[in-house]
Amino acid sequence: MNILSNAIDALEESHNEEEYQEIVISTQKLNADWVEIKITDNGSGISPEYQQKIFETFFTTKPIGVGTGLGLSISYQIIVEKHQGQLTCESEVGEGTTFAITLPIKHSTDDDTFLEDSDLACTIND
């Protein structure tokens with residue numbers, strides 16, 4: 001949610017009403033072990049200097065009282081530390097930003113057993 005909320009904020013901050021504003025969410029199975037979710041916006045983008053800091057706790061580019069600087073830090077902790085996934089950011093100022101979330105399909109638990117597809121909280125059948 002934090003990444004999507006930031007994408008919406010980026011579109012609102014870009015102030016480019018002439019250009020079609022969009023957020024694209026895509027998913028794909030990378031291989032038998034990994035899935036990837038990408039959230040892409042065509043907002044204002046993130047400068048290289050800020051890209052190095054965006055996952056730091058309390059770092060924010062938003063005005064005082066608007067951003068807490070916790071959203072991407074918490075997202076990073078959940079994705080990387082709790083789920084052993086990856087969270088990356090690619091951005092170009094004036095072009096937009098893509099956050100890629102890569103997650104293992106099978107997740108090991110504390111006792112080193114693996115959750116199978118049948119252990120998922122939600123199964124989607126066509």
Side-chain angles (χ1 to χ4, degrees):
M1 274 313 284
N2 291 317
I3 295 170
L4 187 56
S5 177
N6 285 351
I8 293 168
D9 291 345
L11 293 181
E12 290 174 351
E13 291 170 6
S14 69
H15 301 296
N16 189 351
E17 295 178 14
E18 296 176 10
E19 184 178 318
Y20 181 72
Q21 296 179 330
E22 68 179 355
I23 296 172
V24 176
I25 301 172
S26 61
T27 60
Q28 73 173 11
K29 187 173 183 179
L30 298 176
N31 56 43
D33 299 320
W34 295 90
V35 294
E36 181 178 67
I37 304 148
K38 286 188 175 181
I39 301 171
T40 302
D41 68 66
N42 64 343
S44 54
I46 304 169
S47 72
E49 139 191 356
Y50 287 164
Q51 286 180 47
Q52 296 176 8
K53 300 177 182 180
I54 58 173
F55 299 119
E56 292 178 11
T57 305
F58 302 120
F59 176 79
T60 184
T61 61
K62 296 177 183 174
I64 294 173
V66 177
T68 62
L70 294 174
L72 289 177
S73 173
I74 290 169
S75 297
Y76 185 88
Q77 289 175 359
I78 291 169
I79 293 163
V80 176
E81 296 173 17
K82 298 289 183 192
H83 295 289
Q84 291 79 49
Q86 298 174 341
L87 176 58
T88 60
C89 172
E90 292 181 18
S91 187
E92 188 173 331
V93 174
E95 298 295 319
T97 302
T98 297
F99 281 91
I101 301 166
T102 309
L103 295 169
I105 293 173
K106 295 182 179 182
H107 180 70
S108 80
T109 59
D110 290 338
D111 63 1
D112 285 337
T113 59
F114 285 89
L115 298 177
E116 299 297 329
D117 292 341
S118 61
D119 294 326
L120 297 175
C122 176
T123 303
I124 299 172
N125 296 317
D126 292 326

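What you see below is based on every heavy atom in this structure, not just the backbone, and it leaves out hydrogens, waters and symmetry mates.
- The hydrophobic cluster containing Leu4 does not contain Val24, counting ILVMFWY residues as joined when their side-chain heavy atoms lie under 4.5 angstrom apart, directly or transitively.
- Checked against side chain to side chain donor-acceptor pair (under 3.5 Å), Asn6 has the following partners two or more places apart in sequence or in another chain: Lys62.
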Problem set entry | Pair Ile105-Asp33, side-chain contact (heavy atoms from CB on, under 4.5 Å): steps then yes or no | CA-CA 5 Å; Ile105 293 173; Asp33 299 320; 5.8 Å; no
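- A donor-acceptor pair is defined here as one N or O able to donate and one able to accept, closer than 3.5 Å; such a pair exists between the side chain of Gln21 and the backbone of Leu11.
- At least one donor-acceptor pair under 3.5 Å links the side chain of Ser75 to the backbone N or O of Gly71.
- Summarising the hydrophobic clusters (Ile, Leu, Val, Met, Phe, Trp, Tyr; side-chain heavy atoms under 4.5 Å, direct or chained), the residues clustered with Leu30 are Trp34.
- With rounding to the nearest 0.5 Å, the separation of CD in Glu36 from OG1 in Thr27 is 9.5 Å.
- Remark: Phe59 CZ is packed, more than 12 non-hydrogen atoms of other residues, nucleotides or ligands lying under 6.0 Å away.
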Scan the side chains in residues 90-99 for donor-acceptor partners under 3.5 Å anywhere in the protein, sequence neighbours excluded, and list what turns up.
| residue | atom | partner | partner atom | Å |
| --- | --- | --- | --- | --- |
| Ser91 | OG | Ile46 | N | 2.7 |
| Ser91 | OG | Gly96 | O | 3.1 |
| Ser91 | OG | Thr97 | OG1 | 2.7 |
| Thr98 | OG1 | Thr40 | OG1 | 2.9 |

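- Using a distance-only test at 3.5 Å, with no hydrogens or angles considered, no donor-acceptor pair links the side chain of Asp41 to the main chain of Ile23.
- Counting side-chain heavy-atom gaps under 4.5 Å among Ile, Leu, Val, Met, Phe, Trp and Tyr, the cluster of Phe58 also holds Leu70, Ile74, Ile78.
- Applying the side-chain hydrogen bond (donor to acceptor under 3.5 Å, both in side chains) rule to pairs touching residues 43-57 yields Thr57-Ser73, sequence neighbours excluded.
- Taking NZ from Lys38 and CD1 from Ile101, the interatomic distance works out to 11.5 Å, rounded to the nearest 0.5 Å.
- With values rounded to the nearest 0.5 angstrom, Glu81 atom CD is found 11.0 Å from Ile79 atom CD1.
- A pairwise comparison of heavy atoms in Ile54 and Leu72 identifies O-CB, 3.4 Å as the closest pair.
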